[in-house]
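Written below as structure tokens is the structure these notes are about.
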Protein chains: 2
Amino acid sequence: MAKRRNDALPALSDAEWKVMRALWARHPATARELLAALTTETGWAYTTLRTLLARLVEKGAVSESKEDGTSVYEPLLREDRARSTAVRSLLERAFDGGFGSLVHFMLENEELSSRDRTELERMLLESKKKGSRS
Amino acid sequence: MAKRRNDALPALSDAEWKVMRALWARHPATARELLAALTTETGWAYTTLRTLLARLVEKGAVSESKEDGTSVYEPLLREDRARSTAVRSLLERAFDGGFGSLVHFMLENEELSSRDRTELERMLLESKKKGSRS
DNA sequence: CCCATGCTACTACACGTGTAGTAGGCGTCA
DNA sequence: TGACGCCTACTACACGTGTAGTAGCATGGG
């Protein structure tokens with residue numbers, strides 16, 4: 001069997017995304033440290049964060065190690081993997097699983113600000129210019 | 001105050017998206033008709049679909065009218081509004097609320113197939129060609 | 001030596017979501 | 001006219017998620 005690289009990519013809930021963002025931004029980190037980083041955004045109680053971290057550990061998205069009796073966390077799931085999963089999920093729910101229809105939507109839809117659309121086009125030009133990267 | 005156009009856009013769950021897709025594809029429609037359209041994809045029981053429809057009606061995403069004693073459904077939420085909400089939600093969860101970082105991600109990330117990236121670029125060229133749409 | 005603090009482990013609980021089931025009414029075909 | 005089938009209204013129930021609370025152990029300061 002060997003790799004099995006796509007073995008259950010965990011889908012993150014909203015609150016879990018917040019935790020992961022904090023953890024990606026600075027890790028390893030203790031719950032206290034994460035709470036400090038998240039408190040203005042969320043106002044969570046310490047135990048709330050601990051619950052979320054425990055769930056993330058269960059999901060395999062975060063590792064927990066005891067450092068001197070205190071839990072220290074480290075992300076296992078990488079941000080781009082998580083993003084990828086989230087994008088795929090959106091595509092399947094709302095865009096026929098198709099990538100093109102998302103882009104099409106982004107380009108055509110009024111509700112995405114025209115500033116956004118401009119940015120999109122700029123990025124694409126930029127990307128073309130720079131060739132197919134790597 | 002006046003407009004308040006963004007007054008609670010309903011977020012759709014996965015199953016609800018399926019219903020809405022069927023309904024957008026063909027409406028007005030009865031539950032039976034929708035079930036017929038959805039049955040291979042979902043295998044839902046009739047009552048399951050009814051439950052989902054009821055929830056969508058509650059959310060204001062679908063209208064229900066009695067036609068001769070039988071419920072007939074019509075989408076109230078338009079597909080592009082729903083898509084827009086979903087995209088915004090993704091951006092906020094996973095892409096700093098920023099549109100650019102999503103595009104950037106799409107262009108840079110290996111996990112979106114290169115077929116996808118190719119399609120993206122094609123669409124953009126096409127869109128540029130056609131100008132900024134009427 | 002004992003209390004305040006801080007950490008961990010476990011529990012709680014409401015609401016959303018996926019997925020139905022049951023009861024009861026109505027038309028229709030035999 | 002009674003059984004069959006279809007529809008509606010209501011109920012159920014497990015699991016995920018958001019958001020904590022409580023109990024109990026350790027440790028350091030007075």
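Any value given below was found using the heavy atoms of this structure, including those in side chains, with hydrogens, waters and symmetry copies removed. All chains are named by letter (A, B, ...) in the order of the sequence lines, taking the proteins before the strands, and each is independently numbered beginning at 1. Remember, it's a predicted structure, so these values are computed and weren't measured experimentally.
In this entry the distance linking CG of B/L38 with P of C/dA20 reads 13 Å, nearest Å. Rounded to whole angstrom, the span from the OH atom of B/Y46 across to the C1' atom of D/dG5 amounts to 12 Å. The CD-C1' distance, from B/E33 to D/dC6, rounds to 14 Å in whole Å. Spacing between atom CD of A/E58 and atom P of C/dA9 amounts to 13 Å, rounded to whole angstrom units. Nucleotide D/dC7 holds its P atom 11 Å from the OH atom of B/Y73, rounded to whole Å. If you take NZ of B/K66 and P of C/dG25, they are 15 Å apart, rounded to a whole angstrom. In this structure, the CG atom of A/L34 is 12 Å from the P atom of C/dC7, given to the nearest Å.
Shown here are the ring pair (Phe, Tyr, Trp, His ring centres under 6.0 Å) partners of A/Y73, two or more places apart in sequence or in another chain: there are none.
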* Asked: Along nucleotides 10-19 of chain D, 5' to 3', which nucleotides get a B, which get an S, and which get a -, given that the test is a protein heavy-atom distance under 4.0 Å?
  -> -------BBB
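Under the 3.5 Å distance criterion, with hydrogens and angles disregarded, no donor-acceptor pair is assigned to the side chains of B/E74 and B/S63.
Residue B/M20 holds its CE atom at 10.5 Å from NZ of B/K59, rounded to the nearest 0.5 Å. Note that the OH atom of B/Y46 and the OG1 atom of B/T51 stand 10.5 Å from one another [nearest 0.5 Å].
For the pair B/E79 and B/R83, the salt-bridge criterion is met [side-chain N within less than 4.0 Å of a carboxylate O].
The one candidate from B/L35, B/L53, B/V72 that meets the side-chain contact (heavy atoms from CB on, under 4.5 Å) condition with B/T30 is B/V72.
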